[in-house]
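Below: the structure, in structure tokens.
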There are 2 protein chains.
Amino acid sequence: MNLPPLCEAFVLHFGEMGSRWGINRTVGQIYAVLFIAEHPLCADDIVERLGVSRSNVSMGLKELQSWNLVRQRQVHGDRREFFSTPDDIYAIVRTLVEERKKREIDPTLSMLRELLMQAPGTPQERHAQARLKDMHELIELLTNWYADVQKLETERLIQLLSLGSKVVKALEMKDRLFTVPGGKTRSTNHNS
Amino acid sequence: MNLPPLCEAFVLHFGEMGSRWGINRTVGQIYAVLFIAEHPLCADDIVERLGVSRSNVSMGLKELQSWNLVRQRQVHGDRREFFSTPDDIYAIVRTLVEERKKREIDPTLSMLRELLMQAPGTPQERHAQARLKDMHELIELLTNWYADVQKLETERLIQLLSLGSKVVKALEMKDRLFTVPGGKTRSTNHNS
DNA sequence: CTGTATTTTCTGAAAATTCTGAAATTTGAG
DNA sequence: CTCAAATTTCAGAATTTTCAGAAAATACAG
């Protein structure tokens, strides 16, 4: 691997981590190299840095593009294609979450919905449906939260995340302010 | 696979999904079977339902236990060991997040911290460190949010998630209430 | 302690995946 | 259009993962 030690350490770790996700090691490494690169790189730059075959890099880049995690760029006066990751790391995370949702959550949600429509034939199926219903509700709660929060501009999102659970206390205070003294505390609704 | 159609569909899907995570197909299926089971199951029950080898089930259960995703239970007057998933699906998700954090995020954070301590030798390394710093800050923001929110009881958590981004508006209102008219709007701080 | 039920570990075979070099295709300059 | 540079596809080799069945270990009743 043709990289300074610090870069190499990062790339190796990222490769390992990648393989704990569905992504294979090389694809993870390609991404890491692009992430820390000073300029967009062409495929042969990556070959040189990682010491893997040209075809392997080609496949890896194709995979990363299918995830929208790398963009293809033109360098003036150069016929080759160059690749880079977005500079904005928040944008990267948004993409990552979006894509994983699309590939893992959405299909699961449709599966669950479909199975919940069926009439259970046995007590075993009836019980299974009850469990599936719990799972479905939780996933809906989470995806609705995500869909909502995902619309915020980064600045707002950071604000929200920084607050963490303090939000709950803040809202209690607000509730107290707007609730008739002695009346029942107005509960927050549970819709998206 | 010896299961009613509805259960089988769920188990198969879960197995597929499992293999997109690091988990292998059979382990995913074992989990699914336990998740929808009416009672705790012993290893042979799982063998019968999934039609895989006894040894495979043994390995799979061991793996799931290492993730704290299944618990081992005793059935009165039976020498065999039985397994089940927690009833509370929120608890399940908490465990899942906790374990993934432990295995993926925490090691990444230490790696990043370590590399950020090093003195960059080349401009290339200097630039890499800048990128690593961005990544480190974002991960810290997210894990701090998680650490904070994770402490909430489920009821509160649901409340918080249900609100989604409406929280931001609510807080703006609160800010307005407590800000001196004409003064600069007090910004919310960015610490955990 | 003995014998049986149960679980775990081990081993090699089968399956899946990752990866490479070669061949085929695409792209664009001249 | 022609040619060379660049990229992609492909077939099979190398590697890794998964899996079943055998063997070993463990637990426990009597």
Expressed as a whole number of angstroms, how long is the span from A:L41:CG to D:dT7:P? 12 Å
Once you round it to whole Å, what is the distance between C1' of C:dA5 and CG of B:D44? 10 Å
Rounded interatomic separation in angstrom, taking CD from A:Q72 and P from D:dA6: 15 Å
Verify the contact: side-chain N or O of B:R25 to OP1 or OP2 of D:dT18, cut-off strictly under 4.0 Å; return yes or no. no
A:R80 CZ - C:dG28 C1' separation (whole Å): 15 Å
Examine D:dC19: is either OP1 or OP2 under 4.0 Å from a nitrogen or oxygen in the side chain of B:N24? Give yes or no. yes
Over 60° means perpendicular and under 30° means parallel, so tell me whether B:F10 and B:F35 are parallel, tilted or perpendicular. tilted
Base, sugar-phosphate alone, or nothing: which one does A:R79 contact when heavy atoms must sit under 4.0 Å apart? base
What integer distance in Å separates A:H76:NE2 from C:dA29:P? 12 Å
Atom CZ of B:R25: over 12 foreign heavy atoms under 6.0 Å: no
Within less than 4.0 Å of OP1 or OP2 of C:dG21, is there a side-chain N or O belonging to A:N56? no
Separation of A:D45 atom CG from D:dA6 atom C1', in whole Å? 13 Å
Separation of atom CD in B:E63 from atom P in D:dT18, rounded to whole Å: 9 Å
Would you say the side-chain atoms of B:Q129 and B:R126 include a donor-acceptor pair closer than 3.5 Å? no
After noting the C-alpha distance and the side-chain angles of B:K102 and B:E98, does the key distance pass the salt bridge (Lys or Arg N to Asp or Glu O under 4.0 Å) rule? CA-CA 6 Å; B:K102 188 155 68 193; B:E98 194 58 51; over 6 Å; no
Let me know, please, whether A:R54 or A:E81 comes out on the 5' side of the other along DNA chain C by nearest nucleotide. A:R54
Is it true that A:E137 and A:K133 have a side-chain N and a carboxylate O under 4.0 angstrom from each other? yes
To the nearest Å, how far apart are B:E48 CD and D:dA20 P? 15 Å
Between A:F82 and B:I23, just flag the one whose closest nucleotide in DNA chain D comes earlier from the 5' side. A:F82
Nucleotide nearest A:S55 (side chain, heavy atoms from C-beta), chosen from C:dT9, D:dA6, C:dT20: C:dT20
Go through D:dC19, D:dT9, C:dT20 for me and flag the one nearest to the A:K62 side chain. D:dT9
By nearest atom, which of the nucleotides D:dT18, D:dT9, D:dA20 is closest to the A:S58 side chain? D:dT9
